[in-house]
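These figures come from a predicted structure and were not determined experimentally. For the numbers below, each heavy atom of this structure counts, side chains included, while hydrogens, waters and symmetry mates do not.
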Amino acid sequence: GLVVVGGWAPQRGQAAARPPWALVVLAVGLLALALLLRGFNTTHIPVTFTGDEGSSAINAEGFASGRIDNLFGVGWHGFPSLYYSLQSLPILLFGRDAAAARLSSVVAGALTVVAVYFMGRSLFGHKAGLAAGLFLAGFNFHLHFSRIGLNNAWDGLAYVLVFGSVWHGWKTERRASFMLAGLALGLSQYFYPSTRMLFVVVPGWLLVVGLLNRQRLARLLPDLAL
C-alpha cells in the first residue's frame, strides 16, 4: 500500500482525467452481459458438480466457518489459500451449495470480459476492443471455466490485466499502468500455476521493445522498477 501511494503519479505533463460517461456505461453494459451469461442457473449448468469442485468448496467452506483463517497457507491440491478465501465469500452470504461455490469464478470471468475490451481498445482501438469483449462474453470455452468452482478463471483475468497494463504503460508512459501490472502479476501467483509463465513472457517482451526503443526504456526504468 505504501509503495502504491508513494509511487503513484499522474500522466507526464497532463492532469489526471476522468473517463467519459459513454465509456463507463459501455464497460458496465459489458459486465452485466458477461455476468448474465455466466451466472444464469449455475446450480444445473454444468450439470455435474465435480469432485475437484467439491474439494475446492470444502476448503472455501473452512474459511466461511472459521476453521481456516490463513490467507497465505496452502489448501487443497497444493493451491494457495487466497483463492479459497475469495470463494468462501459467496458461500458465507448465500449458503453451502453449487451456485455459491461457483460464483467467484462467474465474477472473475465477467471482469475478464471488461478487461479484454480495455486491452483491445488500447491496442487496436474502440471497435476492435468491443469486438474482442463481445466475442469473449459468449465464447463457449471461457463460459465453461467461468461457471465452475475452481481457480482457473482467475488466470485469464491476470493475463489480460498484466499484458494490457504493461502495454498501456509503455504506450502512454503512465506510472499507474505499471503499478497495476505489478500488483496483478504478484497477486496472480495465488491462483492457478499457469500465471508463472508471465515471469517469462513479460520480461521477454520488454527486452524486445526496449532494444527497439532504448530512449523510452531509459525513461521508464523507474516505473518498471516500481
Participant: Considering only Ile, Leu, Val, Met, Phe, Trp and Tyr, and joining two whenever side-chain heavy atoms are under 4.5 Å apart, list the other residues clustered with V208.
Facilitator: L212

Participant: Please check: side-chain N/O of T172 versus main-chain N/O of H168, any donor-acceptor pairing under 3.5 Å?
Facilitator: yes

Participant: With rounding to the nearest 0.5 Å, note down the distance linking CG in L89 to OG in S104.
Facilitator: 8.5 Å

Participant: Specify the closest pair of heavy atoms between S188 and L198, including all atoms of both residues, with the distance to one decimal.
Facilitator: OG-CD1, 4.1 Å

Participant: When the side chains of residues 156-164 are checked against the rest of the protein, which donor-acceptor pairs come out under 3.5 Å, sequence neighbours left out?
Facilitator:
{"unit_1": "Y159", "atom_1": "OH", "unit_2": "S194", "atom_2": "O", "d": "2.6"}

Participant: Looking at residues at least two apart in the chain, or sitting in another chain, which of them share a side-chain contact (heavy atoms from CB on, under 4.5 Å) with L35?
Facilitator: L31, V106, A110

Participant: Provide the closest heavy-atom pair for V166 versus A181 in the form atom of the first, atom of the second, distance.
Facilitator: CG2-CB, 3.6 Å

Participant: Can you list, pair by pair, the side-chain donor-acceptor contacts under 3.5 Å of residues 119-132, counting residues two or more places apart and other chains?
Facilitator:
{"unit_1": "R121", "atom_1": "NE", "unit_2": "Y117", "atom_2": "OH", "d": "3.3"}
{"unit_1": "S122", "atom_1": "OG", "unit_2": "W167", "atom_2": "NE1", "d": "3.4"}
{"unit_1": "H126", "atom_1": "ND1", "unit_2": "Y117", "atom_2": "OH", "d": "3.1"}

Participant: Is there a side-chain contact (heavy atoms from CB on, under 4.5 Å) between F49 and D97? Walk through the geometry before answering.
Facilitator: CA-CA 10 Å; F49 191 75; D97 57 25; over 6 Å; no

Participant: Do any N or O atoms from the side chain of T50 and from the backbone of E53 form a donor-acceptor pair under 3.5 angstrom?
Facilitator: yes

Participant: What distance do F191 atom CZ and L86 atom CG have between them, rounded to the nearest 0.5 Å?
Facilitator: 5.0 Å

Participant: Hey, does the side chain of R216 reach the backbone of W170 with a donor-acceptor pair shorter than 3.5 angstrom?
Facilitator: yes

Participant: Quick one, T195 and Y190 - any side-chain contact, counting heavy atoms below 4.5 Å?
Facilitator: no

Participant: Using atom types as modelled and distance alone, determine if a side-chain donor or acceptor of Q87 lies under 3.5 Å from a backbone N or O of A60.
Facilitator: no

Participant: Heavy atoms only: give me the nearest A100-G95 pair and the separation to one decimal.
Facilitator: CB-O, 3.2 Å

Participant: For A153 and S146, work out which heavy atoms get closest and say how close.
Facilitator: CB-CA, 4.4 Å

Participant: Is V47 isolated, or which residues cluster with it under the ILVMFWY side-chain rule of less than 4.5 Å, directly or via members?
Facilitator: none

Participant: Could you pull out all residues at least two apart from R196 that satisfy salt bridge (charged side-chain N to carboxylate O under 4.0 Å, His left out)?
Facilitator: none

Participant: Other members of the hydrophobic cluster containing L211, with the 4.5 Å side-chain heavy-atom rule, please.
Facilitator: L207

Participant: Find the distance between CD1 (I148) and CG (L143) and round it off to the nearest 0.5 Å.
Facilitator: 12.0 Å

Participant: Just to verify, what does R38 make a salt bridge (charged side-chain N to carboxylate O under 4.0 Å, His left out) with, not counting sequence neighbours?
Facilitator: none

Participant: How long is the span from the CG atom in D223 to the OG atom in S177, to the nearest 0.5 Å?
Facilitator: 9.5 Å

Participant: Rounded to the nearest 0.5 Å, what separation is found between the CD1 atom of I45 and the NE2 atom of H144?
Facilitator: 12.5 Å

Participant: Which value, rounded to the nearest 0.5 Å, describes the distance between I91 atom CD1 and L103 atom CG?
Facilitator: 10.0 Å

Participant: For S85, enumerate each residue passing the side-chain contact (heavy atoms from CB on, under 4.5 Å) test, keeping only those at least two apart in sequence or located in another chain.
Facilitator: F63, L71, L82

Participant: L183: what forms a side-chain contact (heavy atoms from CB on, under 4.5 Å) with it, not counting sequence neighbours?
Facilitator: V4

Participant: Side-chain heavy atoms under 4.5 angstrom apart, residues restricted to Ile, Leu, Val, Met, Phe, Trp, Tyr: same cluster for L33 and F141?
Facilitator: yes

Participant: Got a sec, which residues hit side-chain contact (heavy atoms from CB on, under 4.5 Å) with F199, two or more places apart in sequence or on another chain?
Facilitator: L185, Q189

Participant: For a quick test of reading the model, state the closest non-hydrogen atom pair linking G133 to L30 and the distance between them.
Facilitator: C-CD2, 4.3 Å

Participant: Is there a path of hydrophobic side-chain contacts, each under 4.5 Å between heavy atoms, that joins V28 and V113?
Facilitator: no

Participant: On a heavy-atom basis, which atom in G149 and which in S56 lie closest, and how many Å separate them?
Facilitator: O-OG, 3.5 Å

Participant: Partners of R67 by salt bridge (charged side-chain N to carboxylate O under 4.0 Å, His left out), sequence neighbours excluded?
Facilitator: E61

Participant: Side chain of R147, backbone of F40: donor and acceptor closer than 3.5 Å?
Facilitator: yes

Participant: Do F79 and Y192 pass the ring pair (Phe, Tyr, Trp, His ring centres under 6.0 Å) test, and can you show the C-alpha distance, the side-chain angles, and the key distance before you say yes or no?
Facilitator: CA-CA 7 Å; F79 290 125; Y192 199 72; 5.7 Å; yes

Participant: Hey, does W154 have a side-chain heavy atom less than 4.5 Å from the side chain of Y83?
Facilitator: yes

Participant: Is a donor on one side and an acceptor on the other found under 3.5 Å between the side chain of N59 and the backbone of W76?
Facilitator: yes

